[in-house]
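Down below is the structure, laid out as structure tokens.
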Amino acid sequence: MAKKTYDLLFKLLLIGDSGVGKTCILFRFSDDAFNTTFISTIGIDFKIKTVELQGKKIKLQIWDTAGQERFHTITTSYYRGAMGIMLVYDITQPKTFDNITKWLRNIDEHANEDVERMLLGNKCDMEDKRMIPKERGESIAREHGIKFLETSAKSNVNVEKAFMTLAEDILRKTPQKDSNPDSSSVSVHKETSSRKSGCC
Ligand SMILES: Nc1nc2c(ncn2[C@@H]2O[C@H](COP(=O)(O)OP(=O)(O)OP(=O)(O)O)[C@@H](O)[C@H]2O)c(=O)[nH]1
Ligand SMILES: *[C@@H]1O[C@H](CO)[C@@H](O)[C@H](O)[C@H]1NC(C)=O
Ligand SMILES: [Mg+2]
């Protein structure tokens, strides 16, 4: 019998204003690389990375959305399938931090109620250009009861930790196999088939 290469599938989503570094964070996590050229995401894209947590192989399917307003309709259509959402702002661009409340509202409107959320203040390598103190990120995260990290895709700070933490939080509330006698083989989370509407 063919063996599954993973035990669980987690669908994650990256959201936030254009230019905050969503694609770079994902590229750092998936390929351990960084590119300074800004190629704004068109619509939606995804990458896959399998990680191991508590002895379980977890396939992370990570959707990278375009931050530009003109893609709002297509990107929000992906919220529903997400089990975890990373909200990203740029610590050097106050507008992107102000807009976090807007992105949180989008989650309320379009995502599942039990979705795990996490806030990232990206580009923390640019200390000289910092406009948003770390405390402001911590404070808004606390207000909304979500976790917070400052990251740098460029210097590889907290990127792996962010995804692993989000995955752990999802795993914690995932019913385990033995507690559900009906699922004999592999417990795959609510599979939806929405891959076809990708961009390229
Ligand atoms: N210094 C620094 N620059 C970064 C970092 N992350 C991303 N950048 C730069 O910021 C720009 C935008 O990064 P992207 O990852 O393409 O931004 P995005 O959020 O995906 O933007 P959209 O796809 O338009 O929504 C690029 O020029 C990156 O090189 C970081 O951690 N530090
Ligand atoms: C913040 O959100 C508004 C409304 O969607 C958008 O027009 C604006 O461009 C966003 N700000 C940044 C810095 O992207
Ligand atoms: Mg992008």
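Just follow the structure's listing: the first ligand is 1, and inside any ligand the first atom is 1. From a predicted model like this one, the values you see are computed outputs, not experimental measurements.
You'll find the side chain of L13 reaches within 4.5 Å of the side chain of Y78, heavy atoms only.
Under the 4.0 Å criterion applied to side-chain N and carboxylate O atoms, K147 and E116 are not assigned as salt-bridge partners. Using a cut-off of 4.0 Å between Lys/Arg side-chain N and Asp/Glu carboxylate O, K102 and D17 are scored as salt-bridged. Using a cut-off of 4.0 Å between Lys/Arg side-chain N and Asp/Glu carboxylate O, E150 and R130 are scored as salt-bridged. For the pair K95 and D98, the salt-bridge criterion is not met [side-chain N within less than 4.0 Å of a carboxylate O]. Ionic pairing of D32 and R28 is present here: one or more N-O contacts between side-chain nitrogen and carboxylate oxygen are shorter than 4.0 angstrom.
The shortest N or O to N or O distance between D64 and ligand 1 is not below 3.5 Å. Residue K95 places no N or O, backbone or side chain, under 3.5 Å from any N or O of ligand 2. For ligand 2, the polar-atom distance check finds an N/O of D17 within less than 3.5 Å of one of the ligand's N/O atoms.
At the top of the distance list for atom 27 (O) of ligand 1, counting protein heavy atoms only, stands T36 O, 2.9 Å. Of the protein's non-hydrogen atoms, the one nearest atom 5 (O) of ligand 2 is E69 OE1, 2.7 Å. Of the protein's heavy atoms, C24 SG, 3.6 Å lies nearest to atom 28 (C) of ligand 1. Protein heavy atom in closest approach to atom 10 (O) of ligand 1: K123 NZ, 3.0 Å. Regarding atom 6 (N) of ligand 1, its nearest protein heavy-atom neighbour is N122 ND2, 3.2 Å. In terms of protein heavy-atom proximity, atom 21 (O) of ligand 1 is closest to G19 N, 2.9 Å. Shortest contact from atom 29 (O) of ligand 1 to any protein heavy atom: N35 O, 2.9 Å. Of the protein's non-hydrogen atoms, the one nearest atom 1 (N) of ligand 1 is D125 OD2, 2.9 Å.
The residue from G21, S18, A153, G16 that puts a heavy atom closest to atom 13 (O) of ligand 1 is G21. With distances taken over non-hydrogen atoms, the option nearest atom 8 (C) of ligand 2 out of T101, D90, N99 is N99. Between the choices I15, N156, T23, the shortest heavy-atom distance to atom 20 (O) of ligand 1 belongs to T23.
The Mg ion (ligand 3) lies under 2.8 Å from an N, O or S atom belonging to T41. Put simply, S40 stays out of reach of the Mg ion (ligand 3), with no N, O or S atom under 2.8 Å from it.
At least one heavy atom of F34 sits less than 4.0 Å from an atom of ligand 1.
Under 4.0 angstrom from ligand 1, the non-hydrogen atoms of M126 all belong to its side chain.
Between the side chain of N112 and the main chain of R80, a donor-acceptor pair closer than 3.5 Å is present. Looking at D125, its side chain never comes within 3.5 Å of a backbone N or O of K154 through a donor-acceptor pair. In this structure, the side chain of N35 engages the main chain of T37 through a donor-acceptor pair within 3.5 Å. The backbone N or O of L14 lies less than 3.5 Å from a partner atom in the side chain of T65, making a donor-acceptor pair. Judged purely by atom type and a 3.5 angstrom limit, K123 has no side-chain atom pairing as donor or acceptor with the backbone of A153. At least one donor-acceptor pair closer than 3.5 Å links the side chain of Q176 to the backbone N or O of T174.
Figure legend: cation-pi geometry between K47 and F27 absent, as NZ or CZ is not positioned both under 6.0 Å from the six-membered ring centre and within 45° of its axis.
If you number the atoms of ligand 1 from 1 as listed, the ones under 4.0 Å from a heavy atom of A66 come out as 25 (O). Counting the atoms of ligand 2 from 1 in the order shown, those under 4.0 Å from a heavy atom of K102 are 1 (C), 2 (O), 3 (C), 4 (C), 5 (O). Distances below 4.0 Å separate heavy atoms of G67 from the following atoms of ligand 1: 22 (P), 25 (O). For ligand 1, the atoms closer than 4.0 angstrom to any heavy atom of T41 are 22 (P), 23 (O), 24 (O).
For atom 14 (O) of ligand 2, a protein heavy-atom neighbour is found at a distance under 4.0 Å.
Atom CG of N122 and atom CG of N158 lie 10.5 Å apart (nearest 0.5 Å).
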